[in-house]
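Worksheet for the structure shown next.
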Amino acid sequence: MALTETPMQAERARTIYEKSKEGRRAAVLPSAEVPEKPLADLIPENLLRSEPPRLPEIAEPEIVRHYNRLSRRNFDLDSGFYPLGSCTMKHNPRLNERVAALPGHARLHPAQDPRRAQGALELMWLLQESLGEICGLPHVSLQPSAGSHGELAGLLLTRAYHADRGEERTKVLAPDTSHGTNPASVTMAGYEVVKVATDEVGGVEMDDLRAKLAENAGEVACLMLTNPNTLGVFDENIAEIAALIHAEGGTLYYDGANLNAVMGHSRPGDMGFDIVHVNLHKSFSQPHGGGGPGAGPIAVSDRIEPFLPRPQVVRREGSNGRGPSFDLEFERPKSIGRLRGFQGNFGVFVRSYAYILSLGGDGLSEASETAVLNANYLKARLAEGRAGARLPIAFDRHCMHEFVLSGKPMKRDLGLATLDLAKRLLDFGFHPPTVYFPLLVEEALMVEPTETETKESLDAFAEAIEKILAEAEDDPDLARNAPYTTPVRRLDEVKATRQPVVRQPL
Amino acid sequence: MALTETPMQAERARTIYEKSKEGRRAAVLPSAEVPEKPLADLIPENLLRSEPPRLPEIAEPEIVRHYNRLSRRNFDLDSGFYPLGSCTMKHNPRLNERVAALPGHARLHPAQDPRRAQGALELMWLLQESLGEICGLPHVSLQPSAGSHGELAGLLLTRAYHADRGEERTKVLAPDTSHGTNPASVTMAGYEVVKVATDEVGGVEMDDLRAKLAENAGEVACLMLTNPNTLGVFDENIAEIAALIHAEGGTLYYDGANLNAVMGHSRPGDMGFDIVHVNLHKSFSQPHGGGGPGAGPIAVSDRIEPFLPRPQVVRREGSNGRGPSFDLEFERPKSIGRLRGFQGNFGVFVRSYAYILSLGGDGLSEASETAVLNANYLKARLAEGRAGARLPIAFDRHCMHEFVLSGKPMKRDLGLATLDLAKRLLDFGFHPPTVYFPLLVEEALMVEPTETETKESLDAFAEAIEKILAEAEDDPDLARNAPYTTPVRRLDEVKATRQPVVRQPL
Amino acid sequence: MTRYTSATPDDRREMLDAIGVSSVDELFEQVPEPLRLGRPLALPGGMAENEVYERLSALAERNADAEAQVCFVGAGMYDHYVPAIVDAITSRSEFLTPYTPYQPEISQGGLQVMFEFQTAMSELTGLPVSNAGLYEGPSSVASAGYLAMGATKRRRFVVSRGVHPHSRETLATYAVGYDAEVVEVGLEDGLTDAAALAAAVDGETAAVILQSPNFLGAVEDVAALGAAAKEHGALLVVACDPMTLGILKPPGECGADIALGEGQPLGNRLDFGGPSFGFFCATEAQIRRMPGRIAGETEDVDGRRGFVLALQTREQHIRREKATNNICTAQALNALGAMVHLAWLGRRGFRELGELLVQRTAYARERLAAVDGVELLHTSPVAREFAVRLDAPVGKVLDRVAERGIAAGYPLGREYPEFDDGLLVAITERRTKAQIDELAEALGAAVAAEREGVTA
Amino acid sequence: MTRYTSATPDDRREMLDAIGVSSVDELFEQVPEPLRLGRPLALPGGMAENEVYERLSALAERNADAEAQVCFVGAGMYDHYVPAIVDAITSRSEFLTPYTPYQPEISQGGLQVMFEFQTAMSELTGLPVSNAGLYEGPSSVASAGYLAMGATKRRRFVVSRGVHPHSRETLATYAVGYDAEVVEVGLEDGLTDAAALAAAVDGETAAVILQSPNFLGAVEDVAALGAAAKEHGALLVVACDPMTLGILKPPGECGADIALGEGQPLGNRLDFGGPSFGFFCATEAQIRRMPGRIAGETEDVDGRRGFVLALQTREQHIRREKATNNICTAQALNALGAMVHLAWLGRRGFRELGELLVQRTAYARERLAAVDGVELLHTSPVAREFAVRLDAPVGKVLDRVAERGIAAGYPLGREYPEFDDGLLVAITERRTKAQIDELAEALGAAVAAEREGVTA
Ligand SMILES: Cc1ncc(COP(=O)(O)O)c(C=O)c1O
Ligand SMILES: Cc1ncc(COP(=O)(O)O)c(C=O)c1O
């Protein structure tokens, strides 16, 4: 019997609403226990809802089946290689999930009196200290909820810092390789972006930087940089860049998405950065959850410290022979204020602190080393054979923890777009690299293997690329029509935006 | 591109040993902390091992991937319909897993002093009481580890009971429909099996029973019955059967595998049974785990009670205004002794007790009702169309929670064995029914839908059977060569027994 | 090479050879010498898994969590029971470990969940468009402000003092950045002062921001209050507690342009405040201004139904400085937890739960009001939380009640100096009648003891 | 129709129509009237999920588990740390919920795990054949006896008093059934009395049954003791603690025909005694007499490697009264936990763990022996558990030490009246030096207090 579809393809998508049947239910609730009154005696009729929301009606066994089956329509890090550049898809230890689930963490109310939440506050303080040491900047706020939130925080801190000095500045510099969140944060923080060009080795083009600083003299609030940057290149001029920005009175912001390259090897604070965000869901092993949660703590220098968000976790020395205690400090007169409710994504802090404890200082440093080793090895493998010819490295030098290839020759010679290669990789059981980013590189493929991959996985990936390029020489349509074996085949993304259907009609 | 294999088929089986590489590891152990001595100073050299066992060497991320990927090569109850007759594949509530994992249960040492394990002992006592009420027999031992263990216990109790009366009996009667564990337990308990025939409505053939009793007068220790039996038929003569056995001085043993049919409706004790085992992994929702764990508590009548295994959980009334307390009773002079270490599969008790609490008495009774409804509905559906013609019901009457079809006409008319039908069902995403059991029915298919299935699932199953029979009329090879879409196709089971390879060569 | 990494000495040698360097250090030479750390990090050495477990358990034990103390604290996050299937499903690797679904063909699980979630939130709020979730509640309010500015080209927000103080403070923080003015409107007997609100809204107002039930637990008449917004062409933004939406009129039926809120009560544990998620729904008119991910339905080349990230042209990775928001990583897993919880509750259960909360809350409110030294802070209708005044210092009373294993509520003083004697008490389905009775008893005893000057 | 069932009133009606009856009661008419219960079960009504949770939590809190008390109790089950990945993997529905793999094509996950597990146990014990697991330790000993009877056609077992008392008792229980005689051989300084053993074995002996480390923790010279079995053609059955097999000579190298034991220390939690699993390995000669499931390698019709249940002709479902054992449902999930734990430990970690246990045990033994009022019960070599004698009533001392949050060990008196003053102390990698020191201190203080007659 010939296969026309895979079993998953044959199973067409049906939402849980389509499996609903009136009268079914999973939840059984406790009885009220108390004397009940008519609802309208308690809340005026006009504020009450006439019809309950049309949530699905379905018993527990079928809910479990629905989501279990759905889950298998995802590719995940625990199934295979996931070299998604800039995303640091490293192993997510289950130990971290276990400790985050301890009732003392998971069922702790965020408004619990600090005197009755000493363990949580100490953990946060210990994480602050650890991140401060890793970043080389002494003051840490854990409040931001992700990298982009950290960026916004950093820019608001910059604004507050300048305002405190009686200055108002309007421009923020960012290289053309920067991540989309950088310019978006700039706008949200009320600044204007000024793009800085990239030089021939992948770093900041120094002349352009000087020119932009001159053009915007007195206006530049900040330079946002990723280092190593999104090309996987460590900017060797960073000390000079820092000096230039500082001379202009600006702050230097470090987008910490790539911190996984340099932990224990080089510290943003030592490079001259004033503000750093750390993506705990990248370097510090918080699972990505299919798009979060994460956390984006920020570490800052002394001069920025007074402006940190409120409340701040502080340690107070004990008196009368008592040990130290921990508290939330709300009285921070120069603070930019809150960025969110309560104290931040505490569950993420538990996981990341468990990760730091597990690896220790040496382990973190080794992790970065292996991340860099793995990236350079895979780069070397992909410099061979067909990949070397069709997918040249964008900036030919040793990389840090990731590297960027250009699919331009592949497109020109084989008629295969980077997207086609990515889709064909799906048939080989790999998650593709990040594609079409950074924008600077035509038909970009951004590859970040991370330290937790085996050499065997890297080799298999390189072989798959080679095979795809080889088969494309015979038949480029093979890739152009890929994928074939995924739960659904290539999807029409344009339609979804042109005629958006964003909920189930009921 | 034509598909030649499904993605899972393309991924050939590799064991974890084949993924091992010298020097890799997942575990990091604590340091000894204590002054260390040479091993040979502590244990004589000749008792020490020269080479460590060749366990795999592999880092944590790849262990997780290995077992996650492997897991997806299983079909499971949380993926779809699993009408495996006699196995009661009902939903496994996750609440039960949650409460079983509470540290007070999961990390409780079995030798903890009963005064410091009052919660666990009370839970066991409550479960004993509940099972006693459900079975209609007042005394319960939770010790047996599964149904077959309960059977052995029941036979050893019978032996002890007779011995106590100065009798020695050698025969145990069992109908030809009985489950394989019944005769196997009989032999292990040192008895000889005497088979009893089945009558035309699926019950015990009364004349044969009388004849066997007469033939073995004074020798019959016990009759083992399942009621409803493995044909899904409730034996209406049970009261008479009980009277006959009791008149002969034998005990009546109830194989509780089918208790799910009658909870809250009819009780083995009331039917005249002396000893019952209950499969907690069937009627009481303990997950099957791919072949265990389970538990097989036994409930017995007063006259059997003195012989129950040791230790027994007992409740002692409190004195001086204190509440009751719970204890392990070891002093049971007539006890048959232990059947295993410690107190039994406590984790299973927690799950089953949670299930009983969740449903309550009414809910259990409703569960049996729905199980019987679902079975009769599916039976009715399969009495229609092609299934009705090719797969007749073995005993045409209302069934209880399951029913047995015969594939004899299908085999004769279409050349399709029951096995072929079963394998083809796999392509339709269903777990097949139990096949070739009970032995009495030619080409048997034993179908038990359970109460937790939706009407839609039952309908889909009936339609799949219809479709398979229809396609077989055109092309019987379609089923004969099935399955096509499973992770591996039909496997050679004979080879595995003829030339057994039961471990990875290293 | 331990635990989470695999490169053996042999691997390393082969890899370095292939790269053409003799050591990993050589690869780090691109980092200028003076910027290399040159010393080990000043962090402890690594620990065994069981040691990490013991260390973190020991910390966790120093927290009085809701397992250790009966929790009547709410203020936006509630001690609801999270059904076991939520954990079972959210802990599956297939949901736990993938990135944002950039490759839809291998992310149908996550994308369909988003689509289902959007449907559920749209049903709850009565608005047609939902995103797949934002960070959490208060920052969602700030994002609504940003949207309103874009939609109206105005820079002024009128905000009720009934809006969660964290939301107001977050809005203020963001407003300094995107340069908007925030005007606050006070409360009368627990409800937004309607006259003051009407007076505060003007032709420069981008949005009127309300919360219902508001921070003091009172159910606002959103439709009536919102009229002022409509009149002046401002957007009406309503923050709400999702657990009340089974019984309260949905914001969409009250004229809201945007309904949002803290999602924690749905399928997310307390976690000392996070991670949870914010939900964000709006009218069709705002669909291209929405922040965050939105899943949309589409087809594959063979015509199979499928889901993708829709309307990506709003987002930072495509639109950069012109994006409608800067959010990237959000809270997908938390939204999944909510979706499973909602499916578990189902249409009936969700409504019943709302009713249960209202009934038990009414009982608790009455019960507490009858206690000597405790009186109601306001008499407006409430759903699942209410405020009282204590005739004794709130902090001291809380300490006394804590001794009895009860976290009695949220003290209002810090954020509402005018209610320095105020305490906010929250009810969930976990809070039994017996616990409520015990709270009443304990509060009464504590207030009495404080009044009498008994040493705690 | 609630919670776990789906039949709505509409469904019911349609289904009853299709069946051709008017009510479900009609279906139950096959149960003769007098046998119908005719009343509701005398059990409480159903409870909400959160209520069940609270109820069982409350029970759980009345147990002094190893999280609440530092646990030095062993006696066959040990407070090892179960790595988090074990739970993550065993809780996957795909492993948790299937039945025994009767349909191999859709059970390759479980079957391959069995095959890997068999390989691991074979490596540990040094015997070529392993099954996929039995119920637990002691009943595995009884099953070995049954096998030995079948293999030798003899009915006599010679058993060391060093074998776990539960195993000896279980063997005795079974032996009454399959009619065998059990002869016990005593101990000398903690070890099996070799001369008495040699004297007890005769030509009617089916098996000699030893345990090493034995119940008192002493490492037996299995090879030397086993010689008597070989001489008389009896099988040598050795029970062992799997956690010691990284350092101790495997039974297979000591002449054992069967090696078995309690599997709990491998990847299984304490669970108040179960579920865990028993492992059971043997020589090739016994392969067709093995109890329990065995997975074997084979191929599919296209030549793909695959796994099936092999040698099913031994089993009850095929062979019925002639089966080698009656076991059916066993402990597959628990064996999976063991396999994951072993893979996590790996070749090196497994040995290191064995060494760690020996070192800490040696320290603890020395430390305790130095305490006034505590002396060693025997001086033979030990691996991870040892026995001491207390100069005060053991039960009372244990109560006092329990007050300090320590479960000091297993009292020997019930099962070894000759060691009424004996206490068995077990060590795992969770028991730190500091805890051992505290145990020593607490034991010393408790014995002293008892001697002085201080009231506890
Ligand atoms: C370079 C870079 N900067 C910033 C971000 C934004 O971080 P987050 O997704 O945590 O908001 C990312 C995430 O993809 C990134 O790769
Ligand atoms: C009718 C019947 N009896 C006995 C058993 C044996 O029970 P267990 O597998 O729990 O040993 C089974 C299990 O399949 C069964 O179906």
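Since the structure is predicted, the reported quantities are computational estimates derived from the model, not experimental observations. Below, read A as the first sequence line, B as the second, and so on, with proteins coming before strands; counting in each chain starts at 1.
- With respect to chain C, the highest number of heavy-atom pairs below 4.5 Å among Ile238(A), Leu123(A), Asp362(A) belongs to Leu123(A).
- Residue contact with chain C, scored on non-hydrogen atoms closer than 4.5 Å, involves the backbone and the side chain of Met271(A) alike.
- In this structure, Asn74(A) contributes its side chain and Glu94(C) its backbone to a donor-acceptor pair below 3.5 Å.
- For His288(A), the side chain to side chain donor-acceptor pair (under 3.5 Å) test picks out no residue, with sequence neighbours left out.
- Put simply, CZ on Arg116(A) and CG on Asp65(C) are 13.0 Å apart, with the number rounded to the nearest 0.5 Å.
- Using a 4.5 Å cut-off between heavy atoms, Glu61(C) does not touch chain A at all.
- Note: His149(A) leads His149(A), Arg159(A), Arg381(A) in heavy-atom pairs under 4.5 Å with chain C.
- One finds the CD1 atom of Ile63(A) at 4.5 Å from the CD1 atom of Ile85(C) (value rounded to the nearest 0.5 Å).
- Once rounded to the nearest 0.5 Å, the distance linking CD1 of Ile318(C) with CZ of Phe437(A) reads 11.5 Å.
- Side-chain atoms of Tyr135(C) and Ser148(A) include a donor-acceptor pair closer than 3.5 Å.
- For the residue pair Glu116(C) and Tyr67(A), a side-chain donor N or O sits within less than 3.5 Å of a side-chain acceptor on the partner.
- Of the possible donor and acceptor atoms, one in the side chain of Glu123(C) sits under 3.5 Å from a partner among the backbone N and O of Arg54(A).
- Taking the charged nitrogens against the carboxylate oxygens, Arg490(A) and Asp300(C) have no contact shorter than 4.0 Å, which rules out a salt bridge.
- With 3.5 Å as the limit, one finds no donor-acceptor pair spanning the side chains of Ser139(C) and Arg338(A).
- Per-residue counts of heavy-atom pairs under 4.5 Å with chain C were compared for Ile336(A), Val186(A), Ile356(A); the largest is that of Ile336(A).
- Remark: Arg414(C) qualifies as a cation-pi partner of Phe330(A) under the 6.0 Å distance and 45° angle criteria applied to the six-membered ring.
- Here Tyr174(C) is the residue among Tyr174(C), Tyr53(C), Phe307(C) with the most heavy-atom pairs under 4.5 Å with chain A.
- Ion pairing between a basic and an acidic side chain is recognised when a charged N comes within 4.0 Å of a carboxylate O; Glu14(C) and Lys455(A) show such pairing.
- Between the side chains of Gln112(A) and Gln69(C), a donor-acceptor pair is found at a separation under 3.5 Å.
- With values rounded to the nearest 0.5 angstrom, His317(C) atom NE2 is found 11.0 Å from Thr434(A) atom OG1.
- Contact annotation for Ala422(A): only side-chain heavy atoms (C-beta onward) come within less than 4.5 Å of a heavy atom of chain C.
- A parallel orientation is assigned to the rings of His265(A) and Phe28(C), their planes being inclined by less than 30° (bins at 30° and 60°).
- In terms of modelled atom types and a separation under 3.5 Å, the side chain of Asp270(A) and the main chain of Leu35(C) share no donor-acceptor contact.
- Proximity to chain C (any heavy atom under 4.5 Å) is restricted, for Asn92(A), to the side chain, taken from C-beta onward.
- For a residue to count as touching a neighbouring chain, one of its non-hydrogen atoms must lie under 4.5 Å from one of that chain's; by this rule Val193(A) touches chain C with the side chain only.
- Arg62(C) contributes no side-chain N or O that, together with a main-chain N or O of Ala117(A), makes up a donor-acceptor pair within less than 3.5 Å.
- A distance of 6.0 Å or more separates the ring centres of Phe272(C) and His105(A).
- Heavy atoms closer than 4.5 Å to chain C are found in the side chain of Glu60(A), but not in its backbone.
- Side-chain polar atoms of Arg340(A) and Thr170(C) form no donor-acceptor pair below 3.5 angstrom.
- No side-chain donor-acceptor contact under 3.5 Å links His91(A) to the backbone of Tyr4(C).
- Contact tally against chain C (heavy-atom pairs below 4.5 Å) for Ala496(A), Gly291(A), Gly360(A), Pro52(A): the top residue is Gly291(A).
- Both the backbone and the side chain of Ile43(A) come within less than 4.5 Å of a heavy atom in chain C.
- Heavy atoms of Pro500(A) lying under 4.5 Å from chain C belong exclusively to its side chain.
- Side-chain contact check for Asp76(A) and Thr97(C): at least one donor-acceptor pair (N or O, by modelled atom type) lies under 3.5 Å.
- Highest contact tally toward chain C, considering only Val262(A), Asn46(A), Thr181(A), Thr486(A), is held by Thr181(A) [criterion: heavy-atom pairs under 4.5 Å].
- Taking CD of Gln316(C) as the start and OG1 of Thr187(A) as the end, the distance is 11.5 Å to the nearest 0.5 Å.
- For chain C, the nearby part of Leu426(A) is the side chain; its heavy atoms alone come within less than 4.5 Å.
- Under the 4.0 Å criterion applied to side-chain N and carboxylate O atoms, Glu105(C) and Arg489(A) are not assigned as salt-bridge partners.
- Proximity of a side-chain donor or acceptor of Thr497(A) to a complementary backbone N or O of Leu311(C) within less than 3.5 Å is detected.
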